[in-house]
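These notes concern the structure reproduced below.
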Amino acid sequence: MKIYSVSQQNNIDAKRQKKNNRRDYALGTASSVASAYAFTKLLKPLRTEVGKSFLKVQETTPAERIEIHNGLNKVLKDSGLQDKGVKIFRVNDNAPVQNFEKMRKDAGIRFFDIKGQLELIENVKINVDNKELESILKKDFSARIKSKPLNRLLFRILGKEESKKLIEKVASFAARKSTLMYQNGENASYYHSKLVVLPETKLAGAGYHELGHATAHQFGKVDKLINKCKRIASPKVLAALALIAVLGKQKPKSENKFKNTDNKAHNSIRKHLGLITLGLFAPTLIDEANASRIGNKLAKSVLSPELAQKVRKANKAAYMTYVLGAGSVAAVIQLAASVKDGVIKHRKDARTKQTQTL
């Protein structure tokens, strides 16, 4: 048996500790990703069922749709929204096409293959009645793309001609994809360019919720602040939180008082990543709840009690999709962080117990 000096043994122990830490980190990261992926897959049937329930509760008869559309026209005029320039574009959703994401997957085109997606979407036919909407949305998306500070910086680097081509491609893609979504009756929206987009058959009752957004935007005092706050739940911020959950880890106690305070704060953030994520969605949830509240009042003022109640139920179902979405993202991020920290702690505790036994 080879005998080592104290310093040599300390070096060996330090190297072994580093190796174990790397293994713990790698296994924790892998477990974190796997658990988050599995949980997302488990949630998929629930999201599908909620989506189906949402569409079912939105179903209306031809007579109800006539009453709903007449009521929307009356609200638009009497509320002063029409004077503000708010318009409703009623989308012809009687000739739906396949969901674009399903088409992309069936064609074997990857999410980051922009060229492939552009070629695919160009071959999808838009209903003639909805061509005008595609044109309107293209202008809206172009204006939004140009208004972003980072985009303006990129356009300076690319030059005028290249920037123009890029904006054209991105805006065209976004406009066509959105138009397809509305044509399929998958969503209704209010754009701050004072446009309400409403699938006229499948989501007729959703028009009151969207006019609720329009009312808050045109006459509300805190709507602008809420909309600015909604940006904190952007995909970039959520992706950053997900990376923190998967790549970060709990920090150990330190003898240094100030460092220990920082470590405690860091660990506390990791323990509450789910709540932090949910907090980021609060402005969106408040905004949607407020739009439904206003929309329910508008519906009650122009519809029969039975139909107004039906609109209220539909708005409630729609709101639950937002709650489920926010809760799902928060749960996945928290699970990823908790699993990683749990795996690392379990392995360290096991080694400590083994050492004590020896």
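In this structure, the ring of H217 has its center no less than 6.0 angstrom from the ring center of H213.
A salt bridge does not link K353 to D349: none of the charged side-chain nitrogens sits closer than 4.0 Å to a carboxylate oxygen. Salt bridge present: K177 and E101 bring a charged side-chain N and a carboxylate O closer than 4.0 Å. Between E168 and K165 no salt bridge is recorded (no basic side-chain N to carboxylate O distance below 4.0 Å). We find that R347 and D24 are joined by a salt bridge, their nearest charged nitrogen and carboxylate oxygen being less than 4.0 Å apart. A salt bridge does not link K249 to D341: none of the charged side-chain nitrogens sits closer than 4.0 Å to a carboxylate oxygen.
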Side chain to side chain contact (heavy atoms under 4.5 Å, CB included) assessment of D93 paired with Y182: CA-CA 7 Å; D93 57 353; Y182 297 126; over 6 Å; no
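Between T29 and the choices V246, I344, V343, the side chain to side chain contact (heavy atoms under 4.5 Å, CB included) rule is met once, by V246.
E119 and N123 share no donor-acceptor pair across their side chains, judged by distance under 3.5 Å alone.
For the pair K340 and Y25, the cation-pi criterion (under 6.0 Å, within 45° of the ring axis) is fulfilled.
For the pair Q117 and R104, the minimum side-chain heavy-atom distance is below 4.5 Å.
Expressed to the nearest 0.5 Å, how far CG of L307 lies from NZ of K310 amounts to 7.0 Å.
Checking side-chain atoms of S178 against main-chain N and O of A175 turns up no donor-acceptor pair under 3.5 Å. Checked by atom type and distance alone, the side chain of Q183 never pairs as donor or acceptor with a backbone atom of N130 at under 3.5 Å.
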